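Count residues from 1 along the sequence. Bear in mind that the values here come from a model prediction, so they are computed numbers and not experimental data.
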Amino acid sequence: MTAAEPWVVAVDVGGTKIATGVVTRSGELLSRVVVPTRAAEGPEAIRERIAESIAEAIEGATATTEAVAAAGEGQNGQATGMARGHGQGDGRSSLAGQDGRGHGRRWQPRPAAIGLAAPGPMDTERGVALAASNLGWYDLPVGPVLEERFGCPVYLENDANAAALGEWLFGAGRGAVNLIYVTISTGIGSGLVIGGRLYRGKHFNAGEVGHMVLLADGPLCTCGQRGCWEALASGTAIARDARQIATAFPEGELYRRCGGDVTKIDVPLVAEVARAGDKLAREVLDQAIRYLGIGFSNLINMFDPDVVVVGGGVSNLGEALFGPLGEYVARHTERRVKEPARIVRAALGENSGILGAAAVAWQELGDGRA
Ligand SMILES: [Zn+2]
């Protein structure tokens with residue numbers, strides 16, 4: 001009879017959706033539930049929806065593993081799943097282990113922990129969301145409320161930090177001691193794993209790399225400063241520059257491709273037009289990649305990491321981004337280090353949020369590496 005395996009529930013809370021899943025120690029996703037956040041209904045309503053999603057994800061994992069168990073029994077008489085508890089618990093928050101038949105996997109009846117990732121700084125010690133403006137969460141206790149409800153520890157983490165841990169434990173950064181995760185989408189955020197631990201800073205606010213100023217008197221940033229990295233090289237910045245150029249050159253390909261509605265211009269369109277040989281689109285992209293190169297070189301010079309993992313929508317540019325970026329960074333860091341840090345694309349894809357939240361839980365439980 002094999003030992004009952006532990007599992008965690010992972011919750012990825014964003015401004016538009018909440019994704020929740022049951023995740024094993026090795027990063028297997030046993031269930032996945034996605035619901036709209038409906039932030040307009042208020043902070044407590046979101047927290048309640050999270051609690052419902054957790055219960056639903058546990059229920060979903062129970063159903064999945066029962067089906068696997070039934071199939072296994074049908075074939076060879078050895079159950080491999082997570083059978084529902086017979087009369088134990090309330091059925092909505094317990095996964096009872098199957099009772100020792102065969103050599104199948106057995107599961108602990110309750111989650112070992114819940115990991116929750118959300119935007120903004122999190123007081124990871126008190127389980128309080130400090131300031132997530134798109135959720136309306138200001139000093140909102142999330143951890144204690146869910147702990148009471150589900151009877152297990154709840155670990156909160158900032159979403160970029162969680163994604164960094166996820167890539168480090170399950171994804172492109174496995175085996176690294178020092179890892180920088182950078183997400184490039186509407187803004188630029190990061191998570192820093194230093195010496196095998198997340199570096200959070202005194203106010204849980206470390207890793208705000210998007211607001212490094214790289215161009216004095218540059219374009220205005222949402223934070224009020226000018227010339228921040230994300231005002232120069234995020235997806236928002238690329239689209240903004242492309243729209244300006246399209247407006248200035250209405251005879252150009254960018255303008256033609258958006259049918260004269262420049263608000264339709266986004267990063268994939270700029271990349272496509274650039275790939276087809278349009279000089280203006282190419283210039284917009286090259287300039288953003290140059291600023292990305294400057295920012296990554298600064299980070300590598302500062303932290304000398306093993307690996308830099310890049311996620312977010314802009315990383316979907318693939319080789320069109322990673323090729324020139326790698327060359328730029330090699331040229332600007334080679335005098336300092338013999339072997340420049342690898343810059344690689346994030347590996348966890350659409351599940352990076354859930355697996356990041358799961359990695360937070362596993363690391364806090366002491367089952368993560370390091
Ligand atoms: Zn800024």
Using 0.5 Å steps for rounding, measure from the CG atom of L140 to the CG atom of L156.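 Rounded to the nearest 0.5 Å, the CG-CG separation comes to 9.0 Å.
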
Quick check on D217: does its CG atom have over 12 non-hydrogen neighbours (other residues, nucleotides or ligands) under 6.0 Å away?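 No, CG of D217 has 12 or fewer neighbouring heavy atoms, counting only those of other groups under 6.0 Å.
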
Does Y199 OH have over 12 foreign heavy atoms under 6.0 Å away?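 Result for OH/Y199: open.
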
Would you give the length of the straight line joining atom OG of S315 to atom CD1 of I343, rounded to the nearest 0.5 angstrom?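 Rounded to the nearest 0.5 Å, the OG-CD1 separation comes out at 13.0 Å.
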
Which one of V307, V308, V310 satisfies the side chain to side chain contact (heavy atoms under 4.5 Å, CB included) criterion with V344?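 Going through V307, V308, V310 one by one, the side chain to side chain contact (heavy atoms under 4.5 Å, CB included) with V344 is satisfied by V307 alone.
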
Using a cut-off of 6.0 Å, state whether more than 12 heavy atoms not belonging to R32 lie near its atom CZ.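 Above 12, so yes.
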
Taking atom CG of D12 and atom CD of E157, what is their separation to the nearest 0.5 Å?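 Answer for the CG-CD pair, D12 versus E157, is 12.5 Å.
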
What's the verdict on salt bridge (charged side-chain N to carboxylate O under 4.0 Å, His left out) for E253 and R256, showing C-alpha distance, side-chain angles and the deciding distance? CA-CA 5 Å; E253 186 64 9; R256 192 185 70 77; 2.9 Å; yes

Testing I18, V22, V33, I114 for side chain to side chain contact (heavy atoms under 4.5 Å, CB included) with I54, which one passes?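 So the option named by the test is I114.
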
Side-chain donor/acceptor pairs under 3.5 Å, residues 183-195, sequence neighbours excluded:
| from | atom 1 | to | atom 2 | distance (Å) |
| --- | --- | --- | --- | --- |
| S190 | OG | G207 | O | 2.8 |

Can you confirm if the aromatic rings of W229 and F296 lie within a centre distance of less than 6.0 Å?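 When the ring centroids of F296 and W229 are compared, they turn out to be within the sub-6.0 Å range.
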
Mark yes or no for whether T65, through its side chain, and A61, through its backbone, hold a donor-acceptor pair below 3.5 Å.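 Checking the backbone N and O of A61 against the side chain of T65, a donor-acceptor pair under 3.5 Å is found.
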
Is any side-chain heavy atom of R275 closer than 4.5 Å to one of R282?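 When only atoms from C-beta onward are counted, R275 and R282 do not touch, as no gap falls below 4.5 Å.
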
Regarding N158 and R200, do their side chains bring together a donor and an acceptor under 3.5 Å, going by distance alone?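 The criterion, which ignores hydrogens and geometry beyond distance, is not satisfied for R200 and N158.
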
If you count the non-hydrogen atoms of other residues, nucleotides and ligands that lie under 6.0 Å from CZ in F170, is the total more than 12?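 Count over threshold, so yes.
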
Hey, does R342 have a side-chain heavy atom less than 4.5 Å from the side chain of D306?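 In short, these two side chains do not touch, never coming nearer than 4.5 Å.
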
With L292, which of L325, L232, L214 fulfils side chain to side chain contact (heavy atoms under 4.5 Å, CB included)?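 Going through L325, L232, L214 one by one, the side chain to side chain contact (heavy atoms under 4.5 Å, CB included) with L292 is satisfied by L325 alone.
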
